[in-house]
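As structure tokens, the structure follows; a few thoughts come after it.
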Number of protein chains: 2
Amino acid sequence: MRADARKNYEHLLAVAREVVAEQGADASLRDIARKAEVGLGTLYRRFPTREALLETLLRETFDNLSARAKELMLAKDTGAALILWVREAVSYAQNYRGVIATMVAAIEDPESALHDSCVVMRAAGAELLSRAQSEGKARIDMEGFDLFALISALAWLRDQPSFLPRADYLFSLITSSIFTNVASSR
Amino acid sequence: MRADARKNYEHLLAVAREVVAEQGADASLRDIARKAEVGLGTLYRRFPTREALLETLLRETFDNLSARAKELMLAKDTGAALILWVREAVSYAQNYRGVIATMVAAIEDPESALHDSCVVMRAAGAELLSRAQSEGKARIDMEGFDLFALISALAWLRDQPSFLPRADYLFSLITSSIFTNVASSR
DNA sequence: ACCTGAACACCGTTCAAGT
DNA sequence: ACCTGAACACCGTTCAAGT
């Protein structure tokens with residue numbers, strides 16, 4: 001990449017990070033380009049889709065979560081390690097409002113730039129889950145898929161201002177289901 | 001209302017119901033007016049906001065849910081009655097994709113046309129919840145607020161195509177948290 | 001009283017024209 | 001190689017002009 005292009009790229013990313021943090025994952029791309037003082041086409045050249053931009057913004061987050069999962073695989077209390085990782089995943093997602101819906105869609109769409117990262121993240125959670133299950137610390141009918149869904153629901157709840165006052169309670173309520181023994185569908 | 005106005009109104013509603021069922025709660029209002037063969041201003045005259053339109057479309061749903069709650073207050077198994085009502089609420093929400101986010105926002109916004117209906121719905125659930133609680137059939141630290149949040153999360157999960165294959169399981173998983181005894185936040 | 005649609009200020013996306 | 005911004009096809013919302 002040429003030096004001037006590189007500079008544009010870096011600046012674009014910095015501005016995008018701010019704008020997305022402020023306006024959410026569906027922020028106006030036009031607005032980002034404008035605030036970065038860059039032509040709209042330049043943004044599209046570097047990030048052909050919105051997912052591509054989000055993926056770059058979330059790169060660090062995904063790496064951190066993977067590293068954290070690896071660490072937590074060594075923790076003594078497997079149940080606590082699982083919940084802690086879920087909490088961190090939700091907390092990261094909170095940085096970019098609305099990003100969770102895009103991630104959920106991406107995990108079933110191999111074409112999405114976010115696909116691979118989401119799959120890796122789900123796999124990391126699945127490992128922590130199955131380790132807890134092997135010690136009887138999590139219900140055995142849950143799969144990595146379900147854990148990803150639970151994290152998504154928790155992240156979505158956090159995104160709703162109405163629910164903010166009870167966000168911590170709702171987290172503990174919903175995660176408590178991981179420890180119930182049977183599927184009481186009634 | 002004049003006869004011609006009434007006719008426009010009815011037709012508009014019928015078309016809106018179809019389009020929203022198909023495209024979700026954020027369907028194009030322009031598209032609705034176009035398909036109803038009515039000027040865009042006519043739609044805005046009858047439904048000054050998107051919430052107003054959704055409220056009219058959901059009128060019947062809200063009434064049904066209220067009636068159902070009343071019936072279920074007489075059921076013998078208070079726990080089963082609660083879960084059944086939650087299931088029906090989620091099922092109704094499913095008719096209009098994305099409507100749950102609007103409802104969640106509306107419940108804290110007295111200006112929204114959906115506000116009152118959402119509050120009534122939450123109150124209906126709260127009654128079923130507290131009846132179950134009085135018999136030890138639901139954890140006592142839950143409030144109507146939390147039940148509404150749980151229903152919202154369940155409805156949101158159902159709206160995500162990725163999660164469809166495990167939707168029933170996820171319902172039973174998350175609702176099982178209602179029966180856990182303590183907040184295991186770990 | 002009611003209806004219409006142009007007008008305005010926004011989008012996302014593409015691509016011809018420039019350096 | 002890279003950048004720009006006009007062009008196109010869409011929005012939501014308002015409101016002057018018509019019946």
Side-chain angles (χ1 to χ4, degrees), chain A residues 1-57 96-99 101-102 105-106 109 111-114, chain B residues 1-57 96-99 101-102 105-106 109 111-114:
Chain A
M1 211 183 322
R2 247 161 47 180
D4 56 341
R6 159 118 276 151
K7 209 184 126 196
N8 271 335
Y9 178 82
E10 308 284 8
H11 187 220
L12 207 37
L13 263 184
V15 171
R17 177 158 275 123
E18 269 181 49
V19 174
V20 171
E22 195 183 290
Q23 302 183 17
D26 53 353
S28 160
L29 298 179
R30 242 195 176 79
D31 200 33
I32 292 173
R34 208 157 32 213
K35 280 180 175 143
E37 289 174 312
V38 135
L40 194 43
T42 304
L43 190 156
Y44 273 91
R45 157 178 275 266
R46 296 306 169 195
F47 308 103
T49 64
R50 180 176 231 105
E51 275 89 20
L53 176 59
L54 290 175
E55 206 278 333
T56 309
L57 290 180
Y96 299 125
R97 188 163 23 99
V99 82
T102 314
D109 174 18
E111 301 302 311
S112 166
L114 278 168
Chain B
M1 211 183 317
R2 246 164 44 181
D4 56 339
R6 161 116 277 153
K7 210 185 124 195
N8 270 336
Y9 178 82
E10 308 284 10
H11 187 220
L12 208 37
L13 262 184
V15 171
R17 179 158 274 125
E18 269 181 49
V19 174
V20 171
E22 195 183 290
Q23 301 183 19
D26 53 353
S28 160
L29 298 180
R30 242 195 174 79
D31 200 32
I32 292 173
R34 208 157 32 212
K35 280 180 177 144
E37 289 173 311
V38 136
L40 193 44
T42 304
L43 190 155
Y44 273 91
R45 160 178 274 263
R46 296 305 168 194
F47 308 103
T49 63
R50 179 176 233 104
E51 275 89 19
L53 176 58
L54 290 175
E55 205 277 333
T56 309
L57 291 180
Y96 298 126
R97 188 165 21 100
V99 81
T102 314
D109 173 17
E111 301 302 310
S112 167
L114 278 167

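The analysis underlying the following values was restricted to heavy atoms, covering all of them including side chains, and did not include hydrogens, waters or symmetry mates. Note on naming: letters A, B, ... go to the chains in the order of the sequence lines (proteins, then strands), and numbering restarts at 1 for each one.
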(request) May I ask you to verify if any side-chain N or O of A/Arg50 is less than 4.0 angstrom from the OP1 or OP2 atom of C/dG12? (result) yes
(message) Between C1' on C/dT13 and CD1 on A/Ile32, what's the gap in Å once rounded to a whole number?
(response) 15 Å
(message) Measure CG/A/Leu54 against P/C/dG12 and give the value in whole Å, please.
(response) 12 Å
(request) Ignoring backbone atoms, test whether B/Arg46 places a side-chain nitrogen or oxygen under 4.0 Å from the OP1 or OP2 oxygen of C/dC3. (result) yes
(request) Measure from NZ on A/Lys7 to C1' on D/dC3 and round the result to the nearest Å. (result) 14 Å
(message) Looking at D/dC15, which nucleotide sits across from it as a Watson-Crick or G-U wobble partner, both distances under 3.5 angstrom, or is there none?
(response) C/dG5
(message) Of the listed nucleotides (C/dT13, C/dC2, D/dC11), which one gets closest to any side-chain atom of B/Asp31?
(response) D/dC11
(request) Could you check which of D/dC11, D/dT4, C/dG12 has an atom nearest any side-chain atom of A/Val38? (result) D/dT4
(request) Mind listing the closest non-hydrogen atom pair of A/Val38 and A/Leu43 along with its distance? (result) CG1-N, 4.3 Å
(message) I want to confirm an ordering. Mapping B/Tyr44 and B/Gly41 to their closest nucleotides on DNA chain D, which one lands closer to the 5' end?
(response) B/Tyr44
(request) Nearest whole angstrom, please: distance from the C1' of C/dC10 to the CZ of B/Arg30. (result) 11 Å
(request) To the nearest Å, give me how far apart CG (B/Leu29) and C1' (D/dC10) are. (result) 14 Å
(request) Assign B/Ala3 to base, sugar-phosphate, or nothing according to its heavy-atom contacts below 4.0 angstrom with the strands shown. (result) nothing
(message) Check the phosphate of D/dT4 against A/Arg34, side-chain N and O only, distance under 4.0 Å to OP1 or OP2. Yes or no?
(response) no
(request) Please state how far atom NE2 in A/His11 lies from atom P in D/dC3, giving the value in whole angstrom units. (result) 13 Å
(message) Taking 4.0 Å as the cut-off, does a side-chain nitrogen or oxygen of B/Arg45 come that near to OP1 or OP2 on D/dT13?
(response) no
(message) Using whole Å, what does the distance between atom C1' of nucleotide D/dG5 and atom CG of A/Leu43 come to?
(response) 14 Å
(request) Find out whether B/Leu13 and B/Leu53 are in side-chain contact, i.e. whether some heavy atom of one side chain is under 4.5 Å from a heavy atom of the other. (result) yes
(request) Taking all heavy atoms of B/Ala36 and all of B/Leu12, pick out the closest pair and write down the distance. (result) CB-CD1, 3.5 Å
(request) Answer yes or no: does a side-chain N or O of A/Asn8 lie under 4.0 Å from OP1 or OP2 of D/dC2? (result) no
(request) Scan A/Ala33 against the nucleic acid and name what it touches under 4.0 Å (heavy atoms): base, sugar-phosphate only, or nothing. (result) nothing
(message) Does a side-chain N or O of B/Arg2 approach OP1 or OP2 of C/dA1 to a distance below 4.0 Å, or not?
(response) no
(request) Mark yes or no for whether B/Arg17, through its side chain, and B/Leu57, through its backbone, hold a donor-acceptor pair below 3.5 Å. (result) yes
(request) Just name whichever nucleotide pairs with C/dC10, Watson-Crick or G-U, keeping both distances under 3.5 Å, else none. (result) none
(request) Look at the side chain of B/Arg30 and the backbone N and O of B/Leu40, then say whether any donor-acceptor pair between them is shorter than 3.5 Å. (result) no
(message) I'd like to know if B/Asp31 and B/Arg34 make a salt bridge, using a cut-off of under 4.0 Å between side-chain N and carboxylate O.
(response) yes
(message) What is the distance, to the nearest angstrom, from the CG atom on A/Leu40 to the P atom on D/dA9?
(response) 17 Å
(message) Can you work out whether A/Thr42 or B/Ser28 has the more 5'-proximal nearest nucleotide on DNA chain D?
(response) A/Thr42
